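Notes to accompany the following structure.
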2 protein chains.
Amino acid sequence: MSFPNPQIKLTVDAVVFGYEAGNISVLLIQRKYDPFKGKWALPGGFVLEEESLEEAVERELREETGVAINYLEQLYTFGGVNRDPRGRVVSVAYFGLIHPDGHTLEASTDAEAAKWFDINDLPQLSFDHSHILDMAIERLKGKITYEPIGFELLDTKFPFSDLEKLYSTLLGRPVDRRNFRKKINSLKILDELDEKISLGAGRPASLFRFNETRYKQLQKEGIIFEI
Amino acid sequence: MSFPNPQIKLTVDAVVFGYEAGNISVLLIQRKYDPFKGKWALPGGFVLEEESLEEAVERELREETGVAINYLEQLYTFGGVNRDPRGRVVSVAYFGLIHPDGHTLEASTDAEAAKWFDINDLPQLSFDHSHILDMAIERLKGKITYEPIGFELLDTKFPFSDLEKLYSTLLGRPVDRRNFRKKINSLKILDELDEKISLGAGRPASLFRFNETRYKQLQKEGIIFEI
DNA sequence: TCAAAAGTGTTCCATTTACACCCATGT
DNA sequence: ACATGGGTGTAAATGGAACACTTTTGA
C-alpha cells in the first residue's frame, strides 16, 4: 500500500489539428529514439512529477514541435496493458486546435522532425496512436456542431466563406450558404469588421471576428450553439 | 528516460449512480485507512500493473462495495499536482450506472462502509472527489438527452411513468407525458410487454423493456436518440 | 465583358409544443 | 363512489430545409 504500482508510467499525447486551404491536418513527429525510432507518432511524452497534465502536454508540444496551441482539452485516457512495448504505460491524450499563423514548426528533443499531415493521407503511426487519432477526429467532427470551436482553426480575422468551407469539410457534406449564414448571424457571435479581403477573382469578402465575450454571455443565458 | 516519473501513482475512481423512488443517488464508501480515515469518498484505488483501467474500476467496486455495474464509461482524468496528500497521484475517474436490483451493498477491504447518498444530500468528500462528482452529475444530466442511458438506471422491466419521472428528475423540469411518450414511441426502442404492474392506487401500468438490438440498429442507420 | 466568388429572402415542410379528458384499478 | 395514477390526439407555432439571382471585383 505504501508503494503501489511503481511500474506504471504516465505519458501525455497530443492530437493537434490545423486547417488550411480546405484541408484538415494533424501534427505528427518523427521519433528520434526507440521504440518506433524513425516512425511517425503523436507528440507527447512522460509526465514530470511536479507538473500538471496540461503543463506536460504544453511542454512536450513546445519541445517537440515548437507550436503555440490555442485550444486544448482532454480527450481520453488510454490504459490498455500492452499498448507500449517498454512496459505498462498509461497515456492521457489531449485534443488541440491551432490557428494557421501558429503553424511554423521546429522539431527538437525527442523529435527528428515535426510535420503536418492531411488527415486523409496519414503515415503509419507508432503505438496505438492511430486509434487515439481516430477518436480525436470523431471528437472534432462531433464537437463543432454544438460548440464554436471551429473558430480556433481559423485566423482571428476570416471571411465567412472560410468558416463555411471548414464546416462543410468537417461535416463531410455541402452546407447551404444562406441557411448557414442565417444561423450564425442569429447568434450574433461574429463581429463584421470594416476590412475586406480580395482573394484573386470574385467579389471581395468582408472579414469577421469571433466575439468570445458575446458567446460566453450566451452560454450563461443558457442559449446553446448548434449547427 | 529509462525510468521516468517513478513517483507518479495511478488510481481509478468510480462515480456510480443509482435511482429509486424519484431520487438519484451515488455510491460512496467510508475510508478505513488514512488519509481521510473515516471520511466518505468515491470507491476506487490503485491500478495494478497487469490490469486495464476498466478492470481496476470493476475490481475496486467489487472489493469495496460488492455492486455489479451495468454501464461504465470513462469520465475524466484528474492530474492536479496536489490533489492527494500522499504525493503525486493521478486518477482516472469513471462514470457508472446500476439497476436498482444491483443495489445490495457489502463493504470490505479498504472500505469501512458503503452507502447510497441522495445527490442532493451529500456528506463532505475526501480528496477532490466532490469536484469529480460534480462533473459526473453534469455528464449524467447532459448525456440522457442524447443517449439512451436512462434505461440503465431502471429495472429491466419498467412502467412508462418510471422513465418519465427519471427524465423529469434529471432534467430538473416537468416533462409533458404525451409528448414524451410520442417521442420515445417514434423511435420504437421500447417493447411493450404483456405484463402489467399495479402499484397501489390507480390504473395498472403496462411494463416496457428497452430494446437494445433495435437501438444499435438505429445507430447504424445514423438515427440519433434525442429528448 | 466574362468569370469567379460574395451576398441576400421567401416559401414550404417537419418538428415541437401546448393542452384536457377518459380509463382502469384499489380503497 | 371516489381518489389515484395510466393512457391517449389535435391544433398552433416554431424552426429547419430548399432554392436562384444580383453584386463586386480581377483578368
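Keep in mind the model is a prediction, meaning the values are calculated, not measured. Below, chain A is the first sequence line, B the second, and so on; all start at residue 1.
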Next on the checklist: Could you tell me how far apart B/Arg203 (CZ) and C/dA24 (C1') are, to the nearest whole angstrom?
Outcome noted: 5 Å
Tabulated below should be each protein N or O lying under 3.5 Å from an N or O of nucleotides 15-17 of chain C; please produce it.
| from | atom 1 | to | atom 2 | distance (Å) |
| --- | --- | --- | --- | --- |
| C/dT17 | O4 | B/Lys182 | NZ | 3.3 |

Checklist outcome for this item: Computed from five pairs at either end and rounded to 10 degrees, the angle between the axes of the helix from C/dT1-D/dA27 to C/dC21-D/dG7 is 10°
Checklist entry - To the nearest angstrom, how far is B/Lys196 atom NZ from C/dC23 atom P? => result 15 Å
Next on the checklist: If you assign each of B/Ala201 and B/Phe208 to its closest nucleotide in DNA chain D, which residue comes earlier from the 5' end?
Outcome noted: B/Ala201
Checklist entry - 5'-most contact on DNA chain C: A/Glu192 or A/Gly202, nearest heavy atom basis? => result A/Gly202
Next on the checklist: Reading DNA chain D from 5' to 3', where do the contacts with chain B start and stop? Cut-off is 4.0 Å to heavy atoms.
Outcome noted: D/dT4 to D/dT10
Next on the checklist: With nearest nucleotide decided by heavy atoms, which residue, B/Ala205 or A/Pro204, maps closer to the 5′ end of DNA chain D?
Outcome noted: B/Ala205
Checklist entry - Mind checking what makes side-chain hydrogen bond (donor to acceptor under 3.5 Å, both in side chains) contact with A/Asn23, not counting sequence neighbours? => result A/Asp118
Next on the checklist: Under the rule for side-chain hydrogen bond (donor to acceptor under 3.5 Å, both in side chains), what residues qualify as partners of B/Lys32, not counting sequence neighbours?
Outcome noted: none
Show me the donor-acceptor pairs within less than 3.5 Å that the side chains of residues 132-139 of chain B make with the rest of the protein, sequence neighbours left out.
| from | atom 1 | to | atom 2 | distance (Å) |
| --- | --- | --- | --- | --- |
| B/Arg139 | NE | B/Glu73 | OE2 | 2.8 |
| B/Arg139 | NH1 | B/Leu75 | O | 3.3 |
| B/Arg139 | NH2 | B/Glu73 | OE2 | 3.3 |
| B/Arg139 | NH2 | B/Gln74 | O | 2.6 |

Checklist entry - What residue pairs, at least two apart or across chains, pass side chain to side chain donor-acceptor pair (under 3.5 Å) with a residue in residues 145-154 of chain A? => result A/Asn70-A/Glu152
Next on the checklist: Can you see if the side chain of A/Ser161 gets near the phosphate of C/dA6 - specifically, an N or O under 4.0 Å from OP1 or OP2?
Outcome noted: yes
Item to check | A/Glu164 CD to C/dT8 P, straight-line distance once rounded to whole Å | outcome: 13 Å
Next on the checklist: I'd like to check the salt bridge (Lys or Arg N to Asp or Glu O under 4.0 Å) partners of A/Arg59; sequence neighbours left out, ordered by chain and number.
Outcome noted: A/Glu51, A/Glu63
Checklist entry - Is the phosphate of C/dG7, meaning OP1 or OP2, less than 4.0 Å from a side-chain N or O of A/Ser206? => result yes
Checklist entry - Taking only residues two or more places apart in sequence or in another chain, which ones pass side-chain hydrogen bond (donor to acceptor under 3.5 Å, both in side chains) with B/Thr65? => result none
Next on the checklist: Tell me whether the side-chain N or O atoms of B/Arg178 pair up with the base of C/dA20 as donor and acceptor below 3.5 Å, since no angle test is needed here.
Outcome noted: yes
Checklist entry - A/Ile184 CD1 to C/dG7 P: how many Å, rounded? => result 14 Å
Checklist entry - Of all residues at least two apart in sequence or in a different chain, which pass the salt bridge (Lys or Arg N to Asp or Glu O under 4.0 Å) check with B/Glu192? => result none
Checklist entry - Does A/Arg177 make a side-chain N or O approach to OP1 or OP2 of C/dA6 shorter than 4.0 Å? => result no
Run the side-chain donor-acceptor check on residues 171-180 of chain A: report pairs under 3.5 Å with partners two or more places apart or on a different chain.
| from | atom 1 | to | atom 2 | distance (Å) |
| --- | --- | --- | --- | --- |
| A/Asp176 | OD1 | A/Arg178 | N | 3.0 |
| A/Asp176 | OD1 | A/Asn179 | N | 2.8 |
| A/Asn179 | OD1 | A/Lys182 | NZ | 3.2 |

Item to check | Proximity of A/Tyr19 and A/His99 rings by center, below 6.0 Å | outcome: no
Next on the checklist: Which residues pass the side-chain hydrogen bond (donor to acceptor under 3.5 Å, both in side chains) test with B/Lys216, not counting sequence neighbours?
Outcome noted: B/Glu212
Checklist entry - Are B/Phe17 and B/Phe95 an aromatic pair by the rule of ring centers under 6.0 Å? => result yes
